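All remarks here apply to the structure that follows.
Predicted, not measured: the structure shown is a model, and the values here were computed from it.
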Amino acid sequence: MPDFLIITNTSEFLRIPAESLVFVSSDGNYSDIGTRDGHKHTVTVQLGMIEEMIKDQMPDRSREFVRIGKSLIVNLSFVHYINPSKKQIVLSDCHTFKFSLEASKEALKLLKEYVEPKTTKK
């Protein structure tokens with residue numbers, strides 16, 4: 001059975017399979033959730049709370065999701081392009097969707113170092 005991120009409150013219910021969750025970005029008390037179908041869902045939940053939900057609801061998959069700075073969580077499986085000097089990250093599956101997002105130079109530099117393959121020096 002797949003893991004899901006489930007966000008619910010008095011007026012809405014949102015359930016996203018882990019493999020469809022691309023990113024979560026925040027602006028204050030609101031968060032935008034990007035999914036593989038190219039849609040964004042806006043919810044009234046702060047990013048820190050969603051970060052905890054990911055850890056609690058999808059413990060086996062939570063390592064796939066990395067927080068970038070103060071306002072962004074990304075699914076490492078969809079990191080397609082990182083340019084710290086332009087403060088740009090592109091998340092894509094190279095077929096059906098592409099999200100271009102902004103993040104701090106420092107955060108993107110750390111992410112780039114984290115995801116790039118380690119080369120062995122001879």
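- Taking the side-chain hydrogen bond (donor to acceptor under 3.5 Å, both in side chains) definition, one finds that S100 meets it with Q88, sequence neighbours left out.
- Every residue two or more places apart in sequence or in another chain that forms a side-chain contact (heavy atoms from CB on, under 4.5 Å) with N9 is listed here: S11, E12, T44.
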Q: For the pair V115 and I82, evaluate side-chain contact (heavy atoms from CB on, under 4.5 Å) and give the outcome as yes or no after the intermediate values.
A: CA-CA 10 Å; V115 298; I82 301 169; 3.9 Å; yes
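- Atoms CD1 and CD1, from I33 and I16 in turn, are 4.5 Å apart once rounded to the nearest 0.5 Å.
- A continuous path of ILVMFWY side-chain contacts below 4.5 Å connects L72 to L91, so both sit in one hydrophobic cluster.
- A distance-only check finds no donor-acceptor pair linking the side chain of D3 to the backbone of A18 [under 3.5 Å].
- Sorted by first and then second residue, the pairs that involve residues 46-94 and meet ring-ring contact (aromatic ring centres under 6.0 Å, His included), not counting sequence neighbours, are F78-F97.
- The two residues E19 and R36 make their nearest non-hydrogen contact at O-CD, 2.9 Å.
- To the nearest 0.5 Å, the span separating CG on L110 from OG on S104 amounts to 8.0 Å.
- Annotation: ring-ring contact (aromatic ring centres under 6.0 Å, His included) contacts involving residues 5-50, sequence neighbours excluded, comprise F23-F99.
- Residues satisfying the side-chain hydrogen bond (donor to acceptor under 3.5 Å, both in side chains) test with T42, not counting sequence neighbours, are D32.
- For T35, the side-chain hydrogen bond (donor to acceptor under 3.5 Å, both in side chains) partners at least two apart in sequence or on another chain are D37.
- Dense packing is recorded around CG of D93, with more than 12 heavy atoms of other residues, nucleotides or ligands lying under 6.0 Å away.
- The salt bridge (Lys or Arg N to Asp or Glu O under 4.0 Å) pairs that include a residue from residues 69-89 number zero, where partners must be two or more places apart or lie in different chains.
- One finds the CE atom of M58 at 5.5 Å from the CG atom of L21 (value rounded to the nearest 0.5 Å).
- Nearest heavy atoms, R63 versus L76: O-CD1, 4.0 Å.
- Residues that satisfy the side-chain hydrogen bond (donor to acceptor under 3.5 Å, both in side chains) test with E102, not counting sequence neighbours, are absent from this structure.
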Distance-only check: which donor-acceptor pairs under 3.5 Å involve side-chain atoms of residues 48-55, not counting sequence neighbours?
unit_1	atom_1	unit_2	atom_2	d
E51	OE1	R67	NH1	2.8

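- Listed by first and then second residue, the side-chain hydrogen bond (donor to acceptor under 3.5 Å, both in side chains) pairs involving residues 106-115 are K112-E116 (not counting sequence neighbours).
- Judged by distance alone, with hydrogens and angles left aside, the side-chain atoms of S31 form a donor-acceptor pair with the main-chain N or O of V45 at under 3.5 Å.
- The CG atom of L5 sits 12.0 Å away from the OG atom of S62 when rounded to the nearest 0.5 Å.
- Interatomic distance, S71 OG to L47 CG, rounded to the nearest 0.5 Å: 7.0 Å.
- Annotation: the span from N83 atom CG to L108 atom CG amounts to 8.5 Å, rounded to 0.5 Å.
- Using a 4.5 Å cut-off between side-chain heavy atoms of Ile, Leu, Val, Met, Phe, Trp and Tyr, with links allowed through other members, V22 and V74 fall into the same hydrophobic cluster.
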